[in-house]
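Lettering of chains follows the sequences in order, A, B, ..., and the numbering in each one begins at 1.
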Amino acid sequence: MSNTRILACEFEYFQPGSLKEAVDLMAEYGNRGKVLAGGTDILVNMKNGRIAPEVLVDIRQIPELVRMNGKDGLNIGAAVLVRSVERSTTVAQKYTALAEAAGLLGPLQNRNMATICGNVCTASPSADSPPALLVFNAEAWIAGPSGERVVPLDQFFVRSKKTILDQAEILTRIVLPEPAPGLGSAFMKVARVAADISTVNAAVALERDNDYFRSCRIVLGSVATTPIRSKPAEESLEGQQYSVDLIEHASTLASMEVQPSKRARLGRSTPEYRKGAIKSLVKDAIHKAWDRASEKERKQ
Amino acid sequence: MKTYLIEIKLNKELKEVEVTAQETLLEILRNKLGAIDVKDGCGKGDCGACAVLLDGKAVNSCLTLALQANGKEVTTLRGIGNEKNPHPIQNSFVKHGAVQCGFCTAGMVVIAKAFLNQNQNPSRQEIREAISGNLCRCTGYEKIIDAIQNMALESKS
Ligand code: FES
Ligand code: FES
C-alpha cells in the first residue's frame, strides 16, 4: 500500500507560457518528463507509485491550449476542461454524443479538473471521451521536437494505456470536422453509478434519408484494449430502411466485438456481461441518435 | 528542496505561503494555513472530502498542486459559512439530519454550493449526480439530498 496523502517522489515543476517552451522542455527531458493537464490521472498514478516523473510540464497556462473554438468544426485545445465541453451549446447541438460523454465522464469536481485531451492521452480502454470523439472523425494534432503532425484519432491508440505519442510529443488539440447537416448522435454507458468508470460505453452518429440510414458510425469502449469501431454493425444499417429488427440485428453484430480474453483482468465484469450490455446499449443509442437526426431534419 | 512563495486568497483573506512542488493544495491548507475544515480522505480523487472552490469552481484539493493555486481564490467550507453566520445550505443540512459523523459534510457543502450556483431548481437525480464524487459512509445520502433539495426550494420561495 502506498501513501496517497503525499507526492513522495521529487520532481521539478514547470509552467511554460507558450507551446514552444513546453515542446522544448519535453524535448530536453524526454522520458523523464510528463505533461500535466488536469492531474486527475497523473497525480493519482504518482501517489500510487506507478510513475515517478522527474519533471512535470504543466500546460494549463498556455493560451492557445486553453481555447475551444466551435466555428467550422470543433477545436479542443489540450487544456480545455471536460466541464467546458459539457456546457458548450455548440457541442450540445452539433456534437451531442460528445456533450453527453463529457457530462458522464466523472463526478463534478473531476470534470472541473480533467481535460478531454488528457482523457484521450491516458488511453484507458474504458475512457468515455474517445468513442464520442471517434464517431465524429476526430483528428489528433501533435507537437514535437520535429514539428507538428496530424493523425486520425482512430490511429492514436495502440493498446491499453499506450498511444502513438513519442516521449517528447504533446497532444495539442483534437479537431472535429463540421458534421453533416442532419447528423444525429448519442453516447451511452453502463456503470455502477453514472459517474463511475464505464463497464462498457458506446457512441453512435448517423445520418438519415427519411426512413433510411444514409450513414452510421458506431464506436465501442471497454470491449477491447482500445476503443473499437464496429464496421459490421455500421454496414448492416447503411442504406437500409429503419426497422426495430434491423437495429436489433446491428446491436447483436456490435456485441460480437467484445473480446473474450484478457478483459477479465480488469476485474470489472465478465465478457458475457459486456456482450449483453453492449447489445442493449448500442440498440438504445441508435434509437436515440435516429430520433435526434430526425429532429434536426424537421427543423431545417 | 526548492521552495516557492505563492499567494492565495483564502476565504477572502490574502495569504502568502512557502510551498514545494510536491505539496498539494490540501496539504498546505491543512498544515500551513490551518484550514482544517478541509478534510483529508482518500488522497486520490475518490471521496470528495477535500473539495474546495478554486476561483469559484469545485475541485478536489488533494489532486491540485499548491503551485497551481498561486494567485487564485480558494474558498473552503468556512468561507461559505461558519458557526456565527451559517450558510442556508448548512442550516438545511442540520435541519434535515444530513450530518452524522460529519467527515463528508465539508466536501458535501462545498459541492452543493457550487452545484446550486448553476442549478437553482435541481431534481433529486441531478443532486445525486452532483454529489456522486462525494462519499458518505453514514447517512445513506437520502438526507443529504433532502437537505440540498429543500435548500433550493426554500431559497426560491
Ligand atoms: S481526499 Fe481528495 S478526493 Fe478524497
Ligand atoms: S456523515 Fe459520516 S461520512 Fe457522511
Side-chain angles (χ1 to χ4, degrees), chain A residues 1-15 34 36-50 52-61 79 81-84 86-87 100 103-115 118 191-197, chain B residues 1-4 19-27 30-31 40-68 70-72 107-108 110-115 117-119 125-135 141:
Chain A
M1 268 290 280
S2 53
N3 178 359
T4 55
R5 297 239 138 65
I6 53 163
L7 285 158
C9 68
E10 219 173 293
F11 57 87
E12 235 190 302
Y13 174 83
F14 292 100
Q15 219 172 28
K34 264 241 167 250
L36 176 69
T40 51
D41 288 322
I42 286 186
L43 296 183
V44 174
N45 286 337
M46 285 169 68
K47 284 182 164 186
N48 281 336
R50 275 195 286 267
E54 289 167 36
V55 167
L56 285 185
V57 179
D58 189 340
I59 57 167
R60 278 172 287 204
Q61 307 292 320
L81 300 175
V82 171
R83 183 76 173 150
S84 313
E86 167 194 350
R87 289 174 67 87
E100 288 176 327
L104 292 170
L105 195 136
L108 179 66
Q109 55 273 50
N110 301 53
R111 306 201 304 277
N112 272 335
M113 306 170 78
T115 62
R192 279 173 305 180
V193 298
D196 258 336
I197 293 168
Chain B
M1 203 181 285
K2 195 163 156 192
T3 61
Y4 307 77
V19 305
T20 66
Q22 281 70 26
E23 281 177 305
T24 61
L25 177 58
L26 172 63
E27 285 176 87
R30 285 185 61 88
N31 303 341
D40 187 353
C42 63
K44 48 182 187 164
D46 288 334
C47 75
C50 66
V52 298
L53 304 181
L54 189 62
D55 279 349
K57 281 186 192 160
V59 300
N60 287 329
S61 60
C62 68
L63 294 183
T64 303
L65 296 177
L67 282 173
Q68 249 174 271
N70 193 8
K72 296 200 168 144
M108 286 286 184
V110 168
I111 292 297
K113 175 82 170 64
F115 170 66
N117 280 348
Q118 284 174 345
N119 187 345
Q125 186 55 31
E126 285 169 330
I127 297 172
R128 250 179 245 283
E129 274 162 23
I131 60 167
S132 62
N134 293 67
L135 301 184
Y141 301 101

Taking every non-hydrogen pair under 4.5 Å, which of B:T64, B:N134, B:N60, B:D46 racks up the most with chain A? B:N60
Would you say B:N70 and A:Q15 make side-chain contact, with heavy atoms under 4.5 Å? no
For A:L36, is it the side chain, the backbone, both or neither that has a heavy atom under 4.5 Å from a heavy atom of chain B? side chain
Looking only at A:Q61, A:R83, A:R60, the option with the highest number of non-hydrogen pairs under 4.5 Å against chain B is A:R60
Using heavy-atom distances under 4.5 Å, tell me whether B:Q22 contacts chain A through its side chain, its backbone, both, or neither. both
So how far is it from B:L26 CG to A:I6 CD1, rounded to the nearest 0.5 Å? 12.5 Å
For B:E23, is it the side chain, the backbone, both or neither that has a heavy atom under 4.5 Å from a heavy atom of chain A? neither
Applying side-chain contact (heavy atoms from CB on, under 4.5 Å), run through A:L81 and B:K57 and close with a yes or a no. CA-CA 12 Å; A:L81 300 175; B:K57 281 186 192 160; 3.6 Å; yes
Within the side chain of B:K44, is there an N or O that forms a donor-acceptor pair under 3.5 Å with the backbone of A:N48? no
Top contributor to chain A contacts, counting heavy-atom pairs under 4.5 Å, from B:I131, B:T24, B:L67: B:L67
d(A:L43 CG, B:L65 CG) to nearest 0.5 Å is 5.0 Å
Between B:A21 and A:Y13 the two heavy atoms that sit nearest each other are CB-CB, 3.8 Å
Contact origin within B:C50 toward chain A - heavy atom pairs under 4.5 Å: neither
Please round to the nearest 0.5 Å and tell me the distance separating atom CZ of A:F11 and atom OG1 of B:T20. 7.5 Å
Roughly how far, to the nearest 0.5 Å, is the CG atom of A:N112 from the CD1 atom of B:I111? 8.0 Å
From A:K47 NZ over to B:C42 SG, what is the distance, rounded to the nearest 0.5 angstrom? 8.0 Å
Closest contact, heavy atoms only, B:L63 versus A:M113: O-CE, 3.5 Å
